[in-house]
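Let me begin by presenting the structure, written as structure tokens, before commenting on it.
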Amino acid sequence: MALRLLTRNLRNRISPNLCSASLLHSHATSFGFKEVREEEKSQMVGKVFSNVASNYDLMNDFMSAGLHRLWKDRLVSKLTPFPGMKHLDVAGGTGDVAFRILESINSIRRRALQDPINDDLQEETRIYVCDINQNMLNVGKNRALERGLGEDKSLVWVQGDAEALSFEDNSMDGYTIAFGIRNVTHIEKVLTEAYRVLKRGGRFLCLELSHVEIPVFKELYDLYSFSVIPRLGEVVAGDRESYQYLVESIRRFPPQEKFASMIADAGFQKVEYENLVGGVVAIHSGLKI
Amino acid sequence: MYRTVVNRILLSGGSRRLPRYPDIRTIISSSRFSTTAQPQTVLNPSGSSTSSSSSTSFRTSSAAGDVPRHERNNPRAEYEGEQARVLQASLRHVIRLGWSEEAMIAGAKEVGISPSIVGSFPRKEAALVEFFMDDCLQRLIDRIDSGEELQNLTPSQCIYKLVRIRLEMQAPYISKWPQALSIQAHPLNVSTSFKQRAMLIDEIWHAAGDETSDLDWYVKRTVLGGIYSTTEIYMLTDSSPEFRDTWLFLDNRVKDAFDLKKMIQEAKYLAEAVGAGMGSSLQGFVGRVLQR
């Protein structure tokens, strides 16, 4: 896992001409390797996720050989949750990240049982799970019930659009988006919204499939992505198209450095990214001051 | 270490500051005190020495010349300033909560910043301890620069006084200091804490008027490092009023060390003599074996 730091704090230095995200400014946007109209993209993405919702977690396990659990663990450990935190997990439909954060806070609380202040704070913890797709949220709510968190008022399930959040300015301590940002139509809007809802000192964390540059590994990964995954989708979930979209959308997403500069453009400081599995997955983080 | 020598040459008379951002104590990142700082200080005759950016973080400027005024208006360095403020506030909670994330969370709340910022410190508790060490070193340097009382002392008295001043800064935190030491000894943090201590020892020797530039330089640093560490550890279990026993211990160690110089000389003669004796008997032995 290589840790690379990129801190850009002067907007002047980033030339807009170099920004390949300008492709996304136009009225056409990308849906995998297809060019589609912007209005259509969100509908098409909606369809994809309505189709995959019920098998989402199963397919994740298959495709990543169970590694996605470790990646999400790493994301939450980077976040360092604390009791009383207000956290927003966007595109977190089935609740993986939210459950991990809640469990992390509860375990801290158990350790700090001696401190009475923390008990009151524990009551104030709120993890908002926001997803544009109601099917995904429903799956998440069922999973919460299974885990015994159905009555826990810390978890709040909200349907909403990442580009136009219904939360107030400066209200969140943390913002995570795991495997969601490549599906949005306008990445910059999502980043701007993230910046808006975060408090001073709040952190933005993004876990996303990213670009591999290591020579031989890159070829193997491409082979795996384009041959194995759609086939797996066909066999396990009965939906080849959606998984073809998945692997194409990974390729169209900006590479690590580019995405980091987009995060810095939104106003975040101390923008860094960490590659996991040689770049298959990257965790980008930013700080709002 | 060369940085401090260069400092003294360039800034005779002016007040000396450690290379750091605006007027605010910042977190030490070990790379900030890398030797690449040298070329810049030599070329910059006007003001305080500067630090070059570390190789891993991409900063658009490394401040030169008028560091305070230039950077304070600049939002670029803001997050480091905020981090420093949080750490400063966290120190007040250390006595109650230890050198831990809880103290840092309490500090962040005090300053009015979301405690999520604690997640942005790469090595959390270590950042707090390193900040404190840096802070103490800066205060020591301020005392050295302002204090005339060091002028008329012999080297051994000077060293005694400086080590005592420095350890007294730790006195309020003494109940939690073992935790800080264990954090500093952690493999991830060892290199930074070693560098900080090396700088501290270097500063003390310079204040005591050390001018050596041969092998003795290392011997002196090592000896003083030993004195400082043993006194620090002695202080952990000292319950006498105002640490009187510790200062007595320190005094004895310093005296021993200064006698040590002569002892080392005698030890050298002894080693030579033994070596000569060993050498001839070894030669004889080898000769006899080969003859067979």
Side-chain angles (χ1 to χ4, degrees), chain A residues 2-14 75-88 101 104 108-109 111-112 114-115 117-118 121 170-176 197-205 257 260-261 264 267-272 274 285-289, chain B residues 21 24 26-27 29 31-32 53-63 70-71 73-87 89-90 93 96-98 100-125 127-128 188:
Chain A
L3 178 70
R4 298 216 237 108
L5 287 176
L6 171 70
T7 307
R8 301 254 196 113
N9 291 309
L10 248 192
R11 298 177 192 212
N12 307 338
R13 294 205 46 170
I14 297 159
L75 179 71
V76 172
S77 78
K78 282 191 92 141
L79 181 66
T80 45
F82 59 91
M85 173 177 213
K86 305 273 183 293
H87 183 82
L88 174 62
I101 295 176
S104 166
I108 293 173
R109 183 207 178 194
R111 269 193 280 128
Q114 303 94 350
D115 197 349
I117 303 173
N118 272 347
L121 283 181
N170 300 313
S171 57
M172 296 294 166
D173 292 301
Y175 179 110
T176 48
V197 301
L198 279 172
K199 287 183 196 167
R200 275 197 89 204
R203 287 179 80 218
F204 165 86
L205 284 154
E257 298 275 343
S261 71
F268 290 100
Q269 299 195 27
K270 198 174 195 279
V271 179
E272 313 174 333
E274 181 184 356
S285 63
L287 182 66
K288 172 176 175 177
I289 286 286
Chain B
Y21 274 77
I24 309 163
T26 58
I27 308 148
S29 58
S31 49
R32 200 166 287 156
S53 8
S54 75
S55 54
T56 49
S57 81
F58 180 87
R59 291 204 187 91
T60 49
S61 81
S62 47
H70 173 69
E71 288 268 28
N73 299 331
N74 201 324
R76 268 179 285 151
E78 237 180 84
Y79 80 87
E80 295 189 327
E82 294 303 314
Q83 285 183 324
R85 277 179 61 211
V86 168
L87 291 175
S90 306
H93 297 270
R96 200 168 36 97
L97 298 168
S100 63
E101 276 182 36
E102 280 74 37
M104 293 168 80
I105 289 172
K109 285 185 185 161
E110 199 182 293
V111 176
I113 289 185
S114 165
S116 285
I117 198 172
V118 172
S120 70
F121 293 110
R123 282 163 297 123
K124 314 217 179 21
E125 302 94 14
L128 188 55
L188 286 174

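Reminder, nothing fancy here: chain letters follow the sequence lines and each chain counts from 1.
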Which heavy atom in [X] sits nearest to a heavy atom in [Y], and how many Å separate them?
{"X": "B:Val118", "Y": "A:Thr80", "value": "C-OG1, 4.3 Å"}
{"X": "A:Gly202", "Y": "B:Ser116", "value": "CA-CB, 4.0 Å"}
{"X": "B:Ser114", "Y": "A:Lys199", "value": "CB-CB, 4.1 Å"}
{"X": "B:Ile113", "Y": "A:Arg200", "value": "CG2-O, 3.5 Å"}

Report task. Determine yes or no for a side-chain-to-main-chain donor-acceptor pair under 3.5 angstrom, with A:Lys270 supplying the side chain and B:Ser120 the backbone. Result ->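 Pair found, side chain donor or acceptor close to backbone of B:Ser120.
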Report task. Report yes if the side chains of B:Glu82 and A:Leu287 come closer than 4.5 Å at any heavy-atom pair, otherwise no. Result ->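 Not in contact.
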